Amino acid sequence: MSNENQQPTPEVEQNPSSDKVSPFLNTPLPQGTPQGQQQPIQQGAAQTSTASIPKYNLPRGANTGNVGATTHFGYQTVNSDDKAQKVAEVFHSVASKYDIMNDLMSFGIHRIWKRFAINMSGVRRGQHVLDIAGGTGDLAKVFSREVGPQGHVVLSDINESMLNVGRDRLIDAGCTNVDFVLANAETLEPFADNSFDLLTISFGLRNVTDKDAALQAMYRVLKPGGRLLILEFSKPVFEPFSKLYDLYSFTALPIMGKLVANDSESYKYLAESIRMHPDQRTLKGMMENAGFQSCDYHNLTGGIVAVHRGFKL
Ligand SMILES: C[S@@+](CC[C@H](N)C(=O)[O-])C[C@H]1O[C@@H](n2cnc3c(N)ncnc32)[C@H](O)[C@@H]1O
């Protein structure tokens with residue numbers, strides 16, 4: 001792709017259209033509400049900040065068709081309808097310490113992985129980008145700068161605690177071209193068909209109960225010609241390295257979690273969920289099944305992480 005090595009632009013510029021209705025949402029934001037950041041507080045919202053975030057299709061109700069079906073939550077087998085709640089508890093618990101834990105656990109390497117994914121995105125000025133399960137906004141912050149004032153970024157996540165941290169961080173950084181939307185990756189219900197040039201999901205897909213449904217939803221909201229990037233833990237390619245990595249993840253991570261976030265269970269879940277996630281080839285096949293074309297992947301750090309890429313042609 002000719003634009004993949006484009007240099008980041010140096011600053012965030014003001015978006016002159018920041019008070020317009022978001023072009024991506026099936027349900028428009030109220031007129032004159034900048035970025036949807038000042039919606040009235042929704043019933044049941046965790047009021048950890050002064051402003052609220054539009055939320056959509058969050059609970060998986062009894063009508064999911066999953067009654068009696070089971071899935072995995074780390075190494076536990078749980079009812080499919082319970083997994084989202086358990087994942088939510090993990091991220092509510094770790095939200096305030098999420099960024100520092102990422103740096104500690106990965107020795108800062110997650111920043112290089114994310115930079116690699118951003119370089120593969122081919123993002124250009126004026127584009128419309130959706131960062132799914134975007135949490136505290138590492139990717140959205142860079143995309144905000146890259147797309148410039150004529151472009152637009154949506155940072156979306158199912159978890160209000162994570163999204164609140166992301167929103168505060170991006171507002172503090174002066175990102176005026178970003179919307180913040182609570183949404184389930186399995187449906188992406190707030191977003192209209194064919195509305196984004198670029199979709200990213202970074203360390204999020206692993207946590208989603210129905211990954212095939214999520215991939216189909218991603219295909220739906222992507223514009224023809226657009227691309228999807230999935231940055232996720234994957235299967236290390238070198239067996240001896242894999243043993244060392246197991247030792248690190250199952251001993252050091254829960255201890256760090258206990259010391260820094262006072263939560264060892266969430267970091268035990270992290271280690272287990274990584275082992276339960278589809279390997280590189282399986283995930284590529286799942287993307288193809290959802291309709292993505294020209295799919296490929298790149299292993300990073302010996303396959304500890306992989307970036308998968310697919311296109312909607
Ligand atoms: C490990 S964090 C990744 C955050 C960010 N993308 C990053 O790379 O730092 C995983 C995120 O996935 C979100 N998540 C989990 N299940 C989700 C779902 N079904 N739909 C949308 N987001 C989800 C969590 O709330 C959490 O913020």
Side-chain angles (χ1 to χ4, degrees), residues 46 53 55-60 64 66 71-74 80-106 108-118 121 129-143 153-167 169-170 180-191 199-218 221 229-233 253 257 261 263 266-267 269-274 277 300 305-307:
I53 292 168
K55 61 165 85 171
Y56 301 86
N57 65 295
L58 298 178
R60 288 174 60 85
T64 57
N66 275 330
T71 188
H72 52 82
F73 172 75
S80 294
D81 279 345
D82 295 339
K83 174 165 172 169
Q85 180 56 34
K86 288 182 168 295
V87 170
E89 284 162 15
V90 166
F91 288 103
H92 283 309
S93 165
V94 305
S96 64
K97 299 282 190 229
Y98 177 81
D99 288 330
I100 183 151
M101 278 299 291
N102 264 359
D103 278 334
L104 286 174
M105 289 184 305
S106 72
I109 297 171
H110 76 102
R111 292 165 186 263
I112 299 172
W113 295 331
K114 286 171 179 164
R115 175 40 72 183
F116 188 93
I118 290 163
S121 73
V129 179
L130 172 63
D131 186 27
I132 301 161
T136 60
D138 277 355
L139 294 192
K141 188 168 167 219
V142 178
F143 289 136
V153 177
V154 178
L155 172 59
S156 98
D157 198 285
I158 200 171
N159 188 292
E160 191 150 19
S161 303
M162 292 292 283
L163 203 51
N164 277 337
V165 175
R167 178 191 54 197
R169 196 173 156 222
L170 268 59
F180 306 93
V181 177
L182 274 168
N184 188 343
E186 286 179 11
T187 58
L188 297 176
E189 193 183 328
F191 307 114
L199 304 178
T200 53
I201 178 164
S202 155
F203 303 110
L205 190 62
R206 192 182 72 247
N207 302 292
V208 173
T209 309
D210 189 341
K211 296 173 185 52
D212 292 312
L215 289 167
Q216 282 162 24
M218 291 175 205
V221 302
L229 287 179
I230 303 174
L231 176 64
E232 190 51 271
F233 291 105
L253 293 191
D263 181 353
S266 293
Y267 288 91
Y269 162 73
L270 168 67
E272 292 178 358
S273 67
I274 291 170
H277 189 63
L300 304 176
V305 160
V307 188

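Order of appearance sets the numbers: ligands from 1, and atoms from 1 within every ligand. The shown structure was predicted, so the numbers you read here are calculated from the model rather than taken from an experiment.
- Taking distance alone, with nitrogen or oxygen atoms compared against 3.5 Å, S202 approaches ligand 1 more closely than that limit.
- For atom 14 (N) of ligand 1, the closest non-hydrogen atom of the protein is I158 CG2, 3.7 Å.
- A side-chain donor-acceptor contact under 3.5 Å links Y269 and N207.
- For a threshold of 3.5 Å applied to N or O pairs, the pair formed by N184 and ligand 1 contains at least one separation below that value.
- Checked by atom type, the side-chain pair N102/Y98 shows a donor-acceptor distance below 3.5 Å.
- Note on ring orientation: taking the six-membered ring where Trp is involved, the planes of W113 and F233 are perpendicular (angle over 60°, cut-offs 30° and 60°).
- The distance criterion of under 3.5 Å between nitrogen or oxygen atoms is met by K114 with respect to ligand 1.
- Ligand 1 has a nitrogen or oxygen under 3.5 angstrom from a nitrogen or oxygen of A185.
- Of all atoms in ligand 1, numbered sequentially from 1 with element shown, those under 4.0 Å from a heavy atom of N159 are 25 (O).
- In this structure, atom 5 (C) of ligand 1 lies nearest to the protein heavy atom G134 O, 3.4 Å.
- The residue A84 has no part lying near ligand 1, judged by heavy-atom distances below 4.0 Å.
- Residue-level proximity to ligand 1 for F203 is carried by backbone and side chain together, each with a heavy atom below 4.0 angstrom.
- Which parts of ligand 1 touch V87 is read off a 4.0 Å heavy-atom cut-off, strictly below it: atoms 15 (C).
- Near M162, meaning under 4.0 Å from one of its heavy atoms, ligand 1 places the atoms 27 (O).
- With respect to atom 12 (O) of ligand 1, the closest heavy atom belonging to the protein is A133 CB, 3.3 Å.
- Put simply, part of A183 is less than 4.0 Å from ligand 1, judged by heavy atoms.
- Of all non-hydrogen atoms in S202 and K114, the two that sit nearest each other are OG-CE, 3.8 Å.
- For ligand 1, the polar-atom distance check finds an N/O of Y98 within less than 3.5 Å of one of the ligand's N/O atoms.
- No salt bridge links D138 with R111; every basic N to acidic carboxylate O contact stays at or beyond 4.0 Å.
- For D157, the heavy-atom gap to ligand 1 drops under 4.0 angstrom.
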